[in-house]
S.K.: 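Below are the C-alpha cells for one structure; questions will follow.
Bear in mind the structure is a predicted one, so any value in this text is a computation, not a measurement. Computed from heavy atoms alone, side chains included, the values below leave out hydrogens, waters and symmetry copies.
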Amino acid sequence: MANILLIYIVILFFSIFVHNGVEMALCACGARLRLLPTELSTGGSKLLQALPSGLQYADSKVPFEYPYREDSHPVKEHLEELLAQSMLHLQREGVLPAESEIGIQLERTRSPEHGEFASNLAMVLAKDAGMPPRELAQAIIERTPKSRQVERMEVAGPGFINFYLQTCAFTGVIKDALRQRENYGQLVRVGLNRVTLEYVSANPTGPLHVGHGRGAAYGASLANILVAAGYEIQREYYVNDNGRQMDILAVCVWLRYLELCGEIISFPDNGYRGDYIYDIARLVRVEHGDKWRFTRLAVEEGLPLSPQAGGEGETYLDALIAKARELLGDEGYLVFFNTALNNILDDIKDDLADFGVVFDKWFSERDLEESGSVQHAIDRLGKNGYLYEKDGATWFKATELGDEKDRVVIRENGRTTYFASDIAYFLNKLERGFKRAVYIFGADHHGYVARLQAAARGLGEDPDRLEILLVQFAVLFRFGEKVAMSTRSGQFITLRELREEVSTDAARFFYVMRSHDQHLDFDLDLAKSRSNENPVFYIQYAHARICSVFRNLLDMDQRHNEAIGEVALDLLTQDHEFQLMRNISKFPETIDSAARLRAPHMLAHYLHSLATDLHSYYNAHQFLVEDENLRNARLNLVLATKMVLSKGLGILGVSAPEEM
C-alpha cells in the first residue's frame with residue numbers, strides 16, 4: 001500500500017510539472033519560479049522533499065499531502081518553499097502567466113504584532129496577474145500549503161502577506177541548534193563558489209600599524225563568514241617584494257648600517273625613518289661586520305644635492321639607490337634587500353598570527369615577474385588590441401574600457417610597472433581556477449576599482465569576477481582626544497601595541513563593529529573597560545553567564561538532560577523565551593546576509609542583540625527550577641544560545657570565555 005501511495009505521489013507531481021511546462025531551479029534564499037538556472041545556496045531549497053507531514057492546501061479542492069523530513073529547514077526557507085508551491089498552482093490555474101519570473105521575497109517584520117515574516121509578493125506580481133494586490137495576496141494565501149509551523153497568514157496594508165507562526169516553529173529552532181551543534185548556521189552552497197580573498201597585503205617595508213589592523217580584522221572575519229555561508233575560500237596575502245619601495249627600504253637599511261659603522265650620510269626625508277630600520281641594520285652588522293662599509297666621500301660622490309641642501313627629494317633618493325647598487329654589487333645589495341624583506345615579513349606573519357589572522361597563501365610579486373606571468377598578461381592585452389606605443393613606453397588603452405586615463409605597462413627603460421603586475425596577478429588568480437577574486441583595499445585605493453575592471457575587460461575576462469572592497473580609515477581616541485600618528489616620520493601605533501593595550505578580542509571586535517565603508521572612531525578607553533558599555537565584554541559576559549549556570553547545576557549534583565528538555569520545549573511560554581528563540585532562528589539568516597553584503601558588522605550587531613536577550617532572560621527568570629521538565633527545557637534554550645554566541649564570536653576572531 002505504501003509503495004502504491006508513493007508511486008501515486010510521484011506521478012501526480014510529474015503530471016503537474018509537465019502539464020504546465022514549469023521549469024524549476026532554486027536560488028539562494030528560496031525558490032524562483034520559471035526558475036532560471038542559478039546557483040544553489042543556503043542549504044539548497046529542496047521544494048519537493050522538505051515540506052512537513054500532513055501538509056495540505058488551504059483550498060481543500062487541492063488534496064495534496066507531502067512526506068515529512070525530520071531534519072527541518074530554517075523557518076524562513078520553509079516559508080519560502082510554501083510560497084513557491086502557491087506560485088506553482090497560480091501558474092497552473094492561469095492566474096499568473098507561466099513565463100512570469102517570480103523571486104520569492106520574505107523579510108522579518110519589525111514587530112511580532114505583524115507576524116514574524118512578511119512578503120510583498122502580491123504587490124510585485126499584481127500587474128502580471130491583472131489583479132489588485134490585496135486580492136492576489138488572498139489568492140496566494142488560499143493556495144499556500146498548510147504547515148504545522150504556521151498559525152495563520154493575513155493580508156495587510158496594500159497587499160503584504162504576513163505569517164504568524166506556531167509555537168513549534170520557535171521550539172523547532174532549539175531542536176535544530178542542539179542537533180546540529182557547531183554546524184548550526186552553516187550553509188551549503190552548490191555551484192561556482194571558489195573564491196580567493198586578498199587582504200592586508202601591506203608592503204613589507206615596516207611593521208603593521210593600526211590602519212592595517214582594520215583591513216586584517218575585516219578580511220579575516222569576512223573570510224570566516226563566507227566559509228560559514230558555504231563558499232570555498234582561499235585567504236591570500238600579496239607580498240610586494242619587488243619594485244621601488246623595496247629598493248628604498250634596502251637603501252635606508254644600508255644608510256643606517258653605515259651610520260652604525262661611523263659614516264654619517266645625509267638621510268632622505270622621504271625614506272623609512274622608524275627605529276626598526278636601525279634594528280635591521282644591526283642584524284646586518286652583527287653578521288657581516290664592516291664588510292659593506294664605504295666612506296661618506298665614496299657614497300656622496302656624484303650624488304645630486306640632498307633635500308637638506310636644497311635638492312629634490314625623489315631625485316636624491318633614486319640616486320642613492322643607484323649608488324648602493326654600484327658600490328655593493330648584486331651580492332651586497334641583496335644582503336640588505338633580503339635581510340630587510342625577510343625580517344619585516346616574518347614580523348608581519350607573527351603579528352598577524354597573534355591577531356588570529358592566518359593566510360593560506362603568501363603570494364610573491366617577484367615570483368609573478370620571474371615566472372613570466374607579467375609578460376603573459378601584457379601579451380594577452382596586446383593580442384586583444386589594447387596596447388599602443390608612445391614616448392618609448394607601452395600603454396594600455398584603459399580609457400576605452402572605462403578607466404579615467406590610459407596606463408603605462410612597460411616604462412621607457414623596459415621595466416614593467418606596478419599596474420602591469422596587478423593585471424598579471426588578477427589573471428593568475430583566474431588561471432588558478434578561482435571563480436571570483438575579492439580584493440580588500442584601504443580607502444586610498446579607490447582608483448584601483450576602475451583600472452582593474454578595465455584590465456579585466458582588456459584581458460577578455462568578465463569584470464564581475466573581480467570585486468574590490470574598500471575599508472575606511474580607523475582613528476584612535478584616548479581620553480576623548482584623537483591620537484596623532486604619522487607613518488612618514490615613523491611615529492605610529494603598531495598593531496602589536498594596540499593588541500597589548502586593549503587585547504586581541506577587543507581589537508578584532510571593535511574593528512568590525514561598523515560597516516567597512518564607514519570611518520571608524522576606535523575608543524581605546526571603552527575597548528579596555530569591563531562594563532556593559534563595552535560591546536565585546538557585554539557579549540562575552542553573556543556566554544560566561546550561561547557557563548556559570550551549568551557549573552551551578554553540577555554544584556547541585558544535577559545533570560542536564562537534553563532529551564527531557566527537547567520533549568518539554570512547549571513549556572517555554574515566557575516572552576523572554578520567545579524573543580530568545582526568535583533571535584536564535586535569525587543566526588543562519590544573519591550569516592547569509594553578512595556573506596552576501598560582505599558585512600561582518602551585521603554579525604557583530606546580531607551577537608550584541610542576542611546577548612541583550614540572554615541578559616534580560618537571565619535577570620527575569622530562574623533556570624535551575626525544581627520542575628525537571630521546565631529546568632531542562634530552559635537549559636536547552638540557553639545551551640543553544642551559548643552555542644550561537646560561541647560560534648558567532650569565533651567567526652569574528654573573538655574568544656568565548658567561560659569565566660570573567
S.K.: Under the side chain to side chain donor-acceptor pair (under 3.5 Å) rule, collect the residues that match up with D406, sequence neighbours excluded.
M.R.: Y388, T399

S.K.: Holding to side chain to side chain contact (heavy atoms under 4.5 Å, CB included), I want the full list of residues that pass it with K647, two or more places apart in sequence or in another chain.
M.R.: Q186, F587, I651

S.K.: Go through the side-chain N and O atoms of S221 and Y511 and say whether any donor and acceptor fall under 3.5 Å apart.
M.R.: no

S.K.: Applying side chain to side chain contact (heavy atoms under 4.5 Å, CB included), can you list everything that pairs with D575, at least two apart in sequence or on another chain?
M.R.: none

S.K.: Return each pair, listed once, that meets ring pair (Phe, Tyr, Trp, His ring centres under 6.0 Å) where at least one residue sits in residues 111-131; pairs must be two or more places apart or across chains.
M.R.: none

S.K.: Just jot down the side chain to side chain donor-acceptor pair (under 3.5 Å) partners of T109, sequence neighbours excluded, or say none.
M.R.: none

S.K.: If you count every heavy atom of other residues, nucleotides or ligands that lies below 6.0 Å from R181 atom CZ, does the total exceed 12?
M.R.: yes

S.K.: Could I get the full list of salt bridge (Lys or Arg N to Asp or Glu O under 4.0 Å) partners for D403, not counting sequence neighbours?
M.R.: R407

S.K.: On the ring face of F434, is R432 found with NZ or CZ under 6.0 Å from the centre and within 45° of the axis?
M.R.: no

S.K.: Is there a donor in the side chain of N384 and an acceptor in the side chain of R380, or the other way round, less than 3.5 Å apart?
M.R.: no

S.K.: I need the full list of salt bridge (charged side-chain N to carboxylate O under 4.0 Å, His left out) pairs touching residues 462-472, with sequence neighbours left out, sorted by first then second residue.
M.R.: R436-E467, E461-R465, E467-R598

S.K.: Among residues at least two apart in sequence or on other chains, which ones pass side chain to side chain donor-acceptor pair (under 3.5 Å) with E116?
M.R.: R582

S.K.: Is the closest side-chain donor-acceptor distance between S201 and E198 under 3.5 Å?
M.R.: yes

S.K.: Please, which pairs that meet ring pair (Phe, Tyr, Trp, His ring centres under 6.0 Å) have at least one residue in residues 138-181, sequence neighbours excluded?
M.R.: F170-F578

S.K.: Only pairs at least two apart or in different chains count here, so list each side-chain hydrogen bond (donor to acceptor under 3.5 Å, both in side chains) that has a residue in residues 121-136.
M.R.: S100-D128

S.K.: Sequence neighbours excluded, which residues qualify as side chain to side chain donor-acceptor pair (under 3.5 Å) partners of S585?
M.R.: R108

S.K.: Filter on salt bridge (charged side-chain N to carboxylate O under 4.0 Å, His left out), then keep only pairs touching residues 214-232, sequence neighbours left out; what's left?
M.R.: R194-E232

S.K.: Examine K361 relative to Y238 and say whether NZ or CZ is less than 6.0 Å from the centre of the six-membered ring and inside a 45° cone about the ring axis.
M.R.: no

